[in-house]
Amino acid sequence: MSDQHPTTASTPTTTPSSRVPDKVSLDGLEDRWDAAWAEQRTYAFDRSRGRDEVYSIDTPPPTVSGSLHVGHVFSYTHTDVVARFRRMRGAEVFYPMGWDDNGLPTERRVQNYYGVRCDPSLPYEPGFTPPHEGGDGKSIKAADQLPISRRNFVELCERLTVEDERQFEALWRRLGLSVDWSHGYQTIDARARAVAQRAFLRNLERGEAYQAEAPGLWDVTFQTAVAQAELEARDYPGHFHRVAFHGTDGPVHIETTRPELIPACVALIAHPDDERYQHLFGTTVRSPLFDVEVPVLAHTAAEPDKGAGIAMCCTFGDLTDVQWWRELQLPTRSVVQRDGRLLRETPEWLTTEAGRTRYAELAGKTTFSARAAVVDALRESGDLDGEPTPTQRKANFFEKGDKPLEIVTSRQWYIRNGGRDWDGRDLRAELLARGQELGFHPDFMRVRYENWVNGLNGDWLISRQRFFGVSIPLWYPVTVDGEVDHDHPIVPDEAMLPVDPSSDVPAGYTEDQRGVPGGFVGEADVMDTWATSSLTPQIAGGWGWDDDLFARVFPMDLRPQGQDIIRTWLFSTVVRSHLEHDSLPWRHAAISGWILDPDRKKMSKSKGNVVTPMGLLEEHGSDAVRYWAASARLGTDAAFEVGQMKIGRRLAIKVLNASKFALGFGAGDATTPDPAAVTVVLDRAMLAGLADVVDRATEALEAYDHTRALELTETYFWTFCDDYLELVKDRAYGSADAAPSADTVSARTALALALDTLLRLLAPVLPFATEEVWSWWKEGSVHRAPWPEAAPLRAAAGDADPAHLAAAGRALATLRKVKSEAKVSMRTEITSATLAVPTALLPLVEATAADVRSAGRAYDLRLEADPSLDEGEEQALQVRGAELVPAEPKPRR
RNA sequence: GGGCGAUUGGCUCAGUGGUAGAGCGCCUCGUUCACACCGAGGAGGUCACUGGUUCGAACCCAGUAUCGCCCACCA
């Protein structure tokens with residue numbers, strides 16, 4: 001091919017242009033460059049840099065027991081674009097990746113994969129081999145699962161997650177995330193456990209963590225307490241039952257969806273202003289079937305227009321019951337146990353023979369079968385007024401559970417989060433102020449934070465009755481009477497962390513004192529997964545074990561995440577940082593939107609429409625998929641659209657081909673292009689326009705608006721290819737015989753400057769294609785090259801107006817249109833024609849006429865101003881009297 | 001019930017006060033000496049609706065409708 005660009009044919013074979021391949025392709029770029037970046041440590045974090053030189057990112061650690069989906073690829077690409085931009089802008093980017101392998105999903109997966117379950121009462125068995133390896137993913141019945149110790153169970157969790165994490169890393173590398181893989185962490189690893197325990201102990205010391213025995217939301221399937229943030233309200237079918245309580249003056253009807261709780265009834269409650277019930281306040285009624293005497297009370301939380309206007313208050317049917325129970329000092333008569341079944345013993349508050357007999361029939365039943373039994377009994381006794389009427393109600397569910405939550409009383413640990421009063425300190429206001437301080441992108445996402453904080457109705461429940469998690473690092477003394485003294489927890493020294501209270505022994509005790517009078521017991525509960533996840537800036541930054549690093553990266557610059565976890569992850573992280581460091585955990589939060597199906601529904605596995613990310617990357621190429629992701633603004637839901645990936649692929653291929661073309665002129669041969677060599681007005685106009693693009697794209701990226709930057713750059717790149725390259729190619733080729741003229745050198749120099757700039761502008765979105773081109777003619781990685789600046793381009797452009805390029809482009813398009821309408825090839829020569837130009841445009845076209853004539857193959861084109869064209873809205877140019885070389889007769893197929 | 005966002009050509013989306021834009025798709029044509037994973041040209045929209053402010057509204061204000069999401073709602 002070298003005979004097509006003679007000026008480079010005579011140059012030595014080591015010139016950059018000779019490094020351009022004959023045939024370019026995107027295939028294989030991902031593997032090749034991923035390996036090269038790893039080998040050259042292109043994205044390694046230089047920890048000698050100070051905090052003011054660092055840009056640190058608190059990357060969301062994906063849940064490894066799940067699978068990555070298209071939404072992850074989407075949002076992680078947004079983060080990577082920011083990381084690459086900041087790195088090129090000169091910041092030392094701290095961009096670690098963690099894995100969230102803590103918590104229930106992993107536990108469940110291990111149970112099914114290995115056929116085991118955790119029984120914390122069992123001793124550790126060294127060298128344990130699980131009964132199954134690589135279960136088929138289907139649920140194994142609890143009865144068929146082998147019980148093993150907590151430590152064995154945790155070991156299996158760790159074994160399984162290592163394999164998952166390997167696959168996740170492979171995907172991220174393929175996607176081109178510029179992560180420094182030497183700074184990884186797992187939310188269950190020893191350092192993360194130590195950080196989580198240390199932070200908890202400090203919360204405890206400052207009075208921010210406390211325990212309380214209280215009614216709370218409880219999942220009967222997982223048998224664990226659940227926090228407000230983990231709730232999900234779902235539609236749940238039920239029935240209204242109109243039930244008669246027995247008053248002295250006749251029946252009092254209430255309506256309930258949960259008749260099985262009648263034995264737990266402690267009062268009937270109506271609004272104090274409700275005329276219908278005035279005469280009953282202060283009296284008592286007797287419950288149907290169980291014949292328990294309960295008072296009729298007034299409380300403003302009762303709503304006259306709901307149901308019968310008078311409610312049955314049970315311990316506990318819902319959160320309003322809890323409120324009444326607390327504020328009206330009602331007795332506790334719980335019948336629902338932690339396993340979701342009714343008490344097996346007949347409660348002592350059922351005193352009549354008939355009532356006790358009725359209850360015995362319900363004892364041990366699930367709430368569902370107890371309800372059916374109660375309804376039958378009510379119907380039989382005549383206390384059911386009419387038949388139950390179906391209703392759709394909302395019930396609270398644990399987000400991972402499938403049965404409605406019950407409310408049971410238990411001892412739990414809490415961290416203050418502003419949801420409850422705290423000794424005159426207004427933590428809620430402090431956290432709202434932090435929300436104001438944080439830069440949300442887009443800004444309106446702050447409202448979700450504020451809504452959540454304002455809607456909190458309790459402190460953060462962090463204890464969970466599970467096994468695979470970070471232990472609450474406490475023991476309790478056992479009195480000589482054998483009672484566990486929860487009020488005086490035994491605290492480990494921070495140097496001991498992490499500890500497992502079920503196998504480690506507190507200072508001053510020996511293992512044989514475990515569980516015996518005068519000895520100790522370990523806290524059995526683990527912390528909520530968010531109690532660890534809320535500390536990712538501290539975990540990734542090395543808080544407590546690498547404080548030098550921590551000082552260089554904290555508070556971090558950016559938290560990227562989804563809008564769905566503002567109330568959980570973002571908020572809880574702000575809480576921990578505020579309490580521990582009296583600061584925000586990061587300055588900015590970049591919130592990505594959802595990926596939606598073409599039919600505008602959120603993509604979900606159940607719909608069977610999930611595309612595997614790796615398959616997507618393999619099919620379209622990583623740059624193409626990144627382009628699709630980067631085309632969507634932060635906070636905006638985006639359609640899953642293969643078409644957009646194809647456009648991205650086309651752009652990446654165009655980058656390769658246009659670069660190859662420009663470099664083929666010898667544009668890249670000069671080590672340092674001399675801006676002073678750019679003398680032709682068209683070349684200078686192109687650079688002037690590019691300088692504007694650099695300014696505007698930079699401004700957009702600084703404002704976390706990557707789509708705007710991409711759009712600006714992409715649009716200019718296509719103008720560069722379609723118009724500028726076409727206009728200058730004859731001039732850039734130069735003459736085969738002579739040394740390059742000044743005009744030729746001008747074109748080549750401008751091409752070099754433009755290509756250099758455009759590659760750097762596109763590098764954050766298309767890291768593979770741009771790196772490939774960069775390697776043809778530059779040293780080092782484009783991803784470590786400085787972000788382009790407008791000033792050098794303006795210096796080369798002088799006072800040239802970008803309008804020159806626009807005018808020349810329009811003149812060329814007008815000539816093309818003539819050929820298109822004449823249905824001839826674009827290569828057809830226009831032997832004679834006049835181009836009529838609006839008056840204002842004439843000087844611009846004249847100044848670029850040589851390139852226009854050349855590119856349009858209209859070597860004798862005459863130019864004239866035509867004032868009549870000035871009037872039109874389009875300011876259209878017109879070709880008049882065109883004579884074309886007759887087209888060759890086309891052979892019919 | 002409260003809140004947030006969206007509604008622009010067939011599709012996906014830009015455009016935040018000054019005469020409607022892009023890409024895809026479509027139509028017509030061309031082309032293989034950067035690029036068939038191609039190029040050129042063209043058609044196509046009363047900017048959801050109703051009022052208002054303004055010389056002028058896709059854009060600002062008020063209201064309505066539809067869609068999505070968050071929160072509250074278990075009698």
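What you see is a predicted model; the values in this text were computed from it and never measured. Numbered from 1 within each chain, the chains take letters A, B, ... in sequence-line order. Hydrogens, waters and symmetry mates play no part in the numbers below; they use all other heavy atoms, side chains included.
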J.: Kindly point out which of C69(B), A34(B), A75(B) is positioned nearest to the side chain of Phe240(A)?
T.: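 Nearest to the side-chain atoms of Phe240(A), counting from C-beta on, is A75(B).
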J.: Which part of the nucleic acid, if any, lies within contact of Asp318(A), taking any heavy atom under 4.0 Å across all strands shown: a base, the sugar-phosphate backbone alone, or nothing?
T.: base
J.: When you measure from the side chain of Arg446(A) to the backbone of Leu438(A), do you find a donor-acceptor pair of N or O atoms at a distance under 3.5 Å?
T.: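 Between the backbone of Leu438(A) and the side chain of Arg446(A) there is a qualifying donor-acceptor contact (under 3.5 Å).
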J.: Whole angstroms only, please: what is the CG-P distance between Asn451(A) and G1(B)?
T.: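 It works out to 18 Å between those atoms.
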J.: Pick from Thr389(A), Asp385(A), Asp383(A), Thr256(A): which one makes a side-chain hydrogen bond (donor to acceptor under 3.5 Å, both in side chains) with Arg242(A)?
T.: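 Among Thr389(A), Asp385(A), Asp383(A), Thr256(A), the one that satisfies the side-chain hydrogen bond (donor to acceptor under 3.5 Å, both in side chains) with Arg242(A) is Asp385(A).
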J.: Quick one: Ile647(A) CD1 to C11(B) C1', roughly how many Å, whole number?
T.: 11 Å
J.: Under 4.0 Å, heavy atom to any atom of RNA chain B: which of residues 252-260 of chain A qualify?
T.: Glu255(A), Thr256(A), Thr257(A)
J.: Between the side chains of Asp723(A) and Arg816(A), is the shortest nitrogen-to-carboxylate-oxygen separation below 4.0 Å, so that they form an ion pair?
T.: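 Judged by the 4.0 Å cut-off on N to carboxylate O distance, Arg816(A) and Asp723(A) do form a salt bridge.
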J.: Distance check, C1' atoms only: G21(B) and A14(B), in whole angstrom units.
T.: 7 Å
J.: Can you tell me how far C1' of A34(B) sits from NZ of Lys23(A), to the nearest Å?
T.: 9 Å
J.: Can you list the residues that meet the side chain to side chain donor-acceptor pair (under 3.5 Å) rule with Arg696(A), with sequence neighbours excluded?
T.: none
J.: Side chain of Thr636(A): nearest nucleotide among C4(B), A14(B), C35(B)?
T.: A14(B)
J.: Please give the distance between the P atoms of G39(B) and G23(B) as a whole number of Å.
T.: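 Each nucleotide's P atom is 11 Å from the other's.
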J.: Dump every N/O contact between nucleotides 38-40 of chain B and the protein below 3.5 Å, one line per pair.
T.:
| residue | atom | partner | partner atom | Å |
| --- | --- | --- | --- | --- |
| G39(B) | OP1 | Lys654(A) | NZ | 3.3 |

J.: With RNA chain B as reference, determine whether Gly635(A) or Ile269(A) sits nearer its 5' end, using the nearest nucleotide of each.
T.: Gly635(A)
J.: Would you classify Glu726(A) as touching base, sugar-phosphate or nothing, given that sugar-phosphate means primed atoms plus P, OP1 and OP2, and contacts are heavy atoms under 4.0 Å?
T.: base
J.: Which range-with-range stems can be found for RNA chain B when each stem has 3 or more Watson-Crick or G-U pairs in a row and both distances sit under 3.5 Å?
T.: B:1-7 with B:65-71, B:10-13 with B:21-24, B:26-30 with B:38-42, B:48-52 with B:60-64
J.: Got a sec: does the CD of Glu387(A) have more than 12 other heavy atoms crowding it under 6.0 Å?
T.: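 Correct, the count exceeds 12.
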J.: For the C1' atoms, the ones on C27(B) and on C35(B), what distance do you get once it is rounded to whole angstrom?
T.: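 Here C27(B) and C35(B) have their C1' atoms 24 Å from each other.
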J.: Under 4.0 Å, heavy atoms only, any strand: does Ala270(A) hit a base, just the sugar-phosphate, or nothing?
T.: nothing
J.: Taking atom P in both A40(B) and U7(B), compute the distance separating them and give it to the nearest angstrom.
T.: 30 Å
J.: Report yes if at least one side-chain N or O of Arg633(A) is closer than 4.0 Å to OP1 or OP2 of A14(B); otherwise report no.
T.: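 Indeed, a polar side-chain atom of Arg633(A) lies that close.
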J.: Should the pair Arg428(A) and Trp452(A) be classed as cation-pi, given the thresholds of under 6.0 Å to the six-membered ring centre and 45° from the axis?
T.: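 Geometry flag: not set, cation outside 6.0 Å or 45°.
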J.: Could you work out the separation of U54(B) and G68(B) based on their P atoms and round it to a whole Å?
T.: 38 Å
J.: Of all the choices, A75(B), C37(B), C74(B), which nucleotide is nearest to the side chain of Arg649(A) once you look at every atom?
T.: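 Selected nucleotide (nearest to the side chain): C37(B).
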J.: Which is true for Tyr236(A) with a 4.0 Å heavy-atom rule: it touches a base, it touches only sugar-phosphate, or it touches nothing?
T.: nothing
J.: Mind checking what makes salt bridge (charged side-chain N to carboxylate O under 4.0 Å, His left out) contact with Asp851(A), not counting sequence neighbours?
T.: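 If we apply the salt bridge (charged side-chain N to carboxylate O under 4.0 Å, His left out) test to Asp851(A), skipping adjacent residues, the hits are Arg731(A).
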J.: Let me know the distance between CG of Leu297(A) and P of A75(B), rounded to the nearest Å.
T.: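 So the two atoms are 20 Å apart, to the nearest Å.
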J.: With RNA chain B as reference, determine whether Asp27(A) or Ala302(A) sits nearer its 5' end, using the nearest nucleotide of each.
T.: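 Comparing both residues, the 5'-ward one is Asp27(A).
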J.: Please report, rounded to the nearest Å, how far the P atom of A6(B) is from the CE atom of Met445(A).
T.: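 Going from CE in Met445(A) over to P in A6(B) covers 10 Å.
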J.: Is Glu641(A) touching bases, backbone alone, or none of the nucleic acid, heavy atoms closer than 4.0 Å?
T.: sugar-phosphate
J.: Between atom CH2 in Trp452(A) and atom P in C4(B), what is the gap in whole Å?
T.: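 Those two atoms, CH2 and P, are 18 Å apart.
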J.: Would you call the rings of Tyr724(A) and Phe720(A) parallel, tilted or perpendicular, where under 30° means parallel and over 60° means perpendicular?
T.: parallel
J.: Work out which heavy atom in Asp705(A) is nearest to a heavy atom in Thr707(A); give both atom names and the distance.
T.: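 So the minimum-distance heavy-atom pair works out to OD1-OG1, 3.0 Å.
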J.: Look at the side chain of His299(A) and the backbone N and O of Leu297(A), then say whether any donor-acceptor pair between them is shorter than 3.5 Å.
T.: no
J.: Check the phosphate of A22(B) against Thr715(A), side-chain N and O only, distance under 4.0 Å to OP1 or OP2. Yes or no?
T.: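 No, Thr715(A) has no side-chain N/O under 4.0 Å of OP1/OP2 on A22(B).
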J.: Round to the nearest Å and state the distance from Asp637(A) atom CG to C70(B) atom C1'.
T.: 12 Å
J.: Counting just side-chain N and O atoms, does Arg567(A) come under 4.0 Å of either OP1 or OP2 of C71(B)?
T.: yes
J.: Kindly say whether Asn454(A) contributes a backbone atom to a donor-acceptor pair with the side chain of Glu450(A) at under 3.5 angstrom?
T.: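 No; zero donor-acceptor contacts below 3.5 Å.
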J.: Nearest whole angstrom, please: distance from the C1' of C71(B) to the CG of Leu319(A).
T.: 14 Å
J.: How far, in whole Å, is A58(B) from G17(B) if one measures between their C1' atoms?
T.: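 That atom pair is separated by 11 Å.
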J.: Would you say a side-chain N or O of Tyr277(A) is under 4.0 Å from OP1 or OP2 of A75(B)?
T.: no
J.: Determine the Euclidean distance between corresponding P atoms of A57(B) and U50(B); express it in Å to zero decimal places.
T.: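 Roughly 14 Å separates the two P atoms.
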J.: Indicate, with a heavy-atom threshold strictly under 4.0 Å, whether Glu303(A) touches base, sugar-phosphate, or nothing.
T.: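 The residue Glu303(A) makes base contact.
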J.: Quick one: which residue pairs count as a salt bridge (charged side-chain N to carboxylate O under 4.0 Å, His left out) with a foot in residues 708-722 of chain A, not counting sequence neighbours?
T.: Arg708(A)-Glu711(A)
J.: Are Phe665(A) and Phe661(A) an aromatic pair, judged by ring center distance below 6.0 Å?
T.: yes
J.: With distance as the sole test, does Arg276(A) use its side chain to make a donor-acceptor pair with the main-chain N or O of Pro304(A) at under 3.5 Å?
T.: yes
J.: Examine Phe640(A) together with Phe74(A) and report whether their ring centres are nearer than 6.0 Å.
T.: no
J.: With rounding to whole Å, what would you report as the distance between C4(B) and A72(B) at their C1' atoms?
T.: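 My reading of the C1' atoms in C4(B) and A72(B) gives 15 Å.
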J.: So what does Glu821(A) hit on the nucleic acid, given a heavy-atom distance under 4.0 Å: a base, only sugar-phosphate, or nothing?
T.: nothing
